[in-house]
There are 2 protein chains.
Amino acid sequence: MIRRKTIQCDLVLQTVNNLRCHATADEIYETIVKEHPRISKATVYRNLQRLCEMGEIRKREFPGGADRYDHICSDHYHARCVKCGRVFDVDMEYMKDIEQSIRDDHGFIFTGHDIIFKGICKDCSNKQQIYDADAHS
Amino acid sequence: MIRRKTIQCDLVLQTVNNLRCHATADEIYETIVKEHPRISKATVYRNLQRLCEMGEIRKREFPGGADRYDHICSDHYHARCVKCGRVFDVDMEYMKDIEQSIRDDHGFIFTGHDIIFKGICKDCSNKQQIYDADAHS
DNA sequence: TTACCTGCAAAGTCTTTGCACTCTT
DNA sequence: AAGAGTGCAAAGACTTTGCAGGTAA
C-alpha cells in the first residue's frame with residue numbers, strides 16, 4: 001500500500017500547521033473549504049488519520065469534545081475551558097516519570113499519560129465580569 | 001422545579017452503585033432493561049444527568065469513548081486500555097496541588113484536573129501472549 | 001493501467017430533545 | 001389537578017464507511 005501525494009493531503013497538513021495547535025477536524029475543513037470548495041469532510045478525516053499514521057501530526061482526544069490535531073511538538077499538557085470548549089497549552093514541565101508514582105500496576109502496562117486541566121479561560125472570565133456588571137446595573 | 005422520586009431514578013442510582021465504578025450509560029441501561037424492559041435509554045441519560053446535579057454520582061468523560069459514571073468516591077486517576085477500552089482505577093496519590101506547578105497561567109483560572117494513563121490491561125496482554133504463541137507455533 | 005484517493009451520501013456511535021402521555025405530589 | 005418524569009422517535013454532533021468515478025505514478 002503505497003501512499004500517493006495528493007493536493008488534499010498537502011492542504012490538510014499545511015492547515016494543521018498554520019492553525020498551530022488544537023484544531024478540530026471541522027475547523028480544518030472549514031478553513032480549507034474557503035479556498036477549495038470541492039473538498040469533502042471525509043477526505044479531511046481520512047488525511048488526518050493518514051498523517052497521524054505517518055507521524056506528521058498528532059491526534060489529541062479530549063473528553064466531551066471533538067478530537068484535535070497538533071503538528072508534532074514537545075509533549076505538553078492542556079487546559080480546556082468549560083465555558084467555550086477551547087483548548088490551551090499549559091506552561092508546565094512534562095512529568096515523563098510519572099508512571100513511577102503508581103503504587104501497584106495490577107498487571108497494567110502503562111505506555112503514556114495525559115493531564116487535562118479544566119477551568120475558565122481569560123476571554124470567558126472577562127465576558128463573565130462584563131455580564132455580572134450588566135446584571136447588577 | 002421540585003424533583004420527584006421515581007422508580008427509574010432509583011434504579012439508575014442503584015445500578016451505578018452496583019456496577020461500582022466506570023459504567024457507561026449503555027452498560028447501565030442494558031443492566032436495568034433486563035429487569036425492567038420498558039425503561040428507555042433517554043430516561044437513563046436524563047436520570048444520570050439529574051443524579052450528577054444532585055451530587056449523588058459523578059460523570060467522568062474519557063477521550064475517544066463514552067462517558068462513564070462513578071458513585072462518589074475519593075479523587076483518583078484512571079487508566080484506559082487501548083485494546084479493550086475498559087477503564088481502571090490507578091493506585092496513585094492524588095496531586096491536589098498540581099496546579100501550583102504551572103509556571104504561567106496566562107489568565108486561565110484552573111478549577112481541577114484529570115490524569116488519564118493509557119496502556120494495555122492485564123487481560124489484553126495475556127490474550128496478546130496467547131495470540132503470539134499461536135502465531136509462532 | 002493500476003489501485004490509491006476523492007466526493008458524496010449513508011450509516012454508526014453516543015447523547016440530547018420534542019412531544020404526548022403518565023405518574024407523583 | 002398541576003407539572004415533573006417517562007417512553008418513543010427524531011435529531012444532533014462527531015466520525016467512519018461503501019461506492020463509483022478520478023488521478024498519481
Side-chain angles (χ1 to χ4, degrees), chain A residues 1-16 19 22-54 56-69 80 82 84-87, chain B residues 1-16 19 22-54 56-69 80 82 84-87:
Chain A
M1 155 94 151
I2 302 128
R3 284 187 207 283
R4 285 179 185 169
K5 195 171 157 59
T6 66
I7 305 159
Q8 291 89 341
C9 191
D10 280 355
L11 283 169
V12 171
L13 179 55
Q14 280 172 36
T15 307
V16 172
L19 292 176
H22 320 130
T24 62
D26 192 62
E27 287 162 0
I28 295 160
Y29 168 76
E30 290 299 336
T31 304
I32 298 176
V33 87
K34 283 178 196 154
E35 299 288 320
H36 300 80
R38 303 265 316 157
I39 199 168
S40 91
K41 203 173 268 189
T43 298
V44 171
Y45 274 105
R46 276 186 289 229
N47 280 312
L48 285 169
Q49 193 180 297
R50 232 161 266 159
L51 288 164
C52 285
E53 286 164 9
M54 293 161 66
E56 297 282 331
I57 62 175
R58 184 182 313 192
K59 180 180 187 171
R60 297 197 180 267
E61 300 176 307
F62 290 91
D67 298 340
R68 291 166 184 272
Y69 298 85
R80 186 144 178 282
V82 295
C84 65
R86 282 188 298 167
V87 170
Chain B
M1 159 94 152
I2 303 129
R3 285 186 206 284
R4 286 181 183 166
K5 195 169 158 60
T6 65
I7 306 158
Q8 291 89 340
C9 192
D10 281 354
L11 283 169
V12 170
L13 178 56
Q14 280 173 34
T15 308
V16 171
L19 291 176
H22 320 131
T24 61
D26 192 61
E27 287 162 359
I28 294 160
Y29 167 76
E30 290 299 337
T31 304
I32 297 175
V33 87
K34 283 178 197 156
E35 299 288 321
H36 300 80
R38 303 265 316 158
I39 199 169
S40 91
K41 204 174 266 189
T43 298
V44 171
Y45 274 105
R46 277 185 291 231
N47 280 312
L48 285 169
Q49 193 181 296
R50 231 162 268 160
L51 289 164
C52 284
E53 288 165 8
M54 293 161 66
E56 296 283 331
I57 61 173
R58 184 182 311 192
K59 179 180 186 171
R60 299 200 179 262
E61 300 176 305
F62 290 90
D67 298 340
R68 289 165 185 274
Y69 297 85
R80 187 145 176 281
V82 296
C84 65
R86 282 187 299 167
V87 169

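Note on naming: letters A, B, ... go to the chains in the order of the sequence lines (proteins, then strands), and numbering restarts at 1 for each one. Note that the structure is predicted; figures quoted are calculated from it, not measured.
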Confirm from the modelled atom types if A:Arg4 and C:dA3 form a donor-acceptor pair under 3.5 Å, side chain to base only. yes
Could you state the atom-to-atom distance from [atom1] of [X] to [atom2] of [N] in whole Å?
X: A:Gln49; N: C:dC4; atom1: CD; atom2: C1'; answer: 15 Å
X: A:Leu48; N: C:dT6; atom1: CG; atom2: P; answer: 11 Å
X: B:Lys59; N: C:dT16; atom1: NZ; atom2: C1'; answer: 10 Å
X: B:Glu53; N: D:dG5; atom1: CD; atom2: C1'; answer: 14 Å
X: A:Lys41; N: D:dT17; atom1: NZ; atom2: P; answer: 17 Å
X: A:Arg3; N: C:dT6; atom1: CZ; atom2: P; answer: 11 Å
X: A:Arg46; N: D:dT23; atom1: CZ; atom2: C1'; answer: 15 Å
X: A:Asn47; N: C:dT6; atom1: CG; atom2: P; answer: 5 Å

Residue closer to the 5' end of DNA chain C, B:Asp26 versus A:Lys5 (nearest nucleotide): A:Lys5
If you pin A:Thr43 and B:Thr6 to their nearest nucleotides in DNA chain C, which one's is more 5'?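 By nearest-heavy-atom nucleotide position, the 5'-most residue is A:Thr43.
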With side chains defined as the heavy atoms from C-beta onward, is the minimum distance between A:Asp26 and A:Lys41 less than 4.5 Å?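 Yes. Closest side-chain heavy atoms under 4.5 Å.
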Can you find a pair of side-chain heavy atoms, one from A:Glu27 and one from A:Arg68, that are under 4.5 Å apart?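 They are in side-chain contact.
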With the side chain of B:Gln8 defined as its heavy atoms from C-beta on, choose the nearest nucleotide among D:dT6, D:dT15, C:dG7. D:dT6
Can you tell me which nucleotide in D:dA9, D:dC19, C:dT25 comes closest to the side chain of B:Ala42?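 The nucleotide sitting nearest to the side chain is D:dA9.
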Pick the closest DNA chain D nucleotide for B:Ile39 and for A:Tyr45 by heavy atoms, then say which residue is nearer the 5' end.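 The residue whose closest nucleotide sits nearer the 5' end is B:Ile39.
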OP1 or OP2 of D:dG22 under 4.0 Å from side-chain N/O of A:Arg38: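 For D:dG22, OP1/OP2 do not have a side-chain N/O of A:Arg38 under 4.0 Å.
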Taking only N and O in the side chain of B:Thr24, is any of them less than 4.0 Å away from OP1 or OP2 of C:dC14? no
Tell me whether B:Arg80 is salt-bridged to A:Glu61, with the criterion being a basic N under 4.0 Å from an acidic carboxylate O.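 Answer for the salt bridge query: no.
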Straight-line distance of A:Leu11 CG to A:Tyr29 OH, nearest 0.5 Å: 13.0 Å
Pick out which of B:Lys59, B:Arg3, B:Arg46 makes a salt bridge (Lys or Arg N to Asp or Glu O under 4.0 Å) with B:Glu53.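 Result: among B:Lys59, B:Arg3, B:Arg46, B:Arg3 is the only option passing the salt bridge (Lys or Arg N to Asp or Glu O under 4.0 Å) with B:Glu53.
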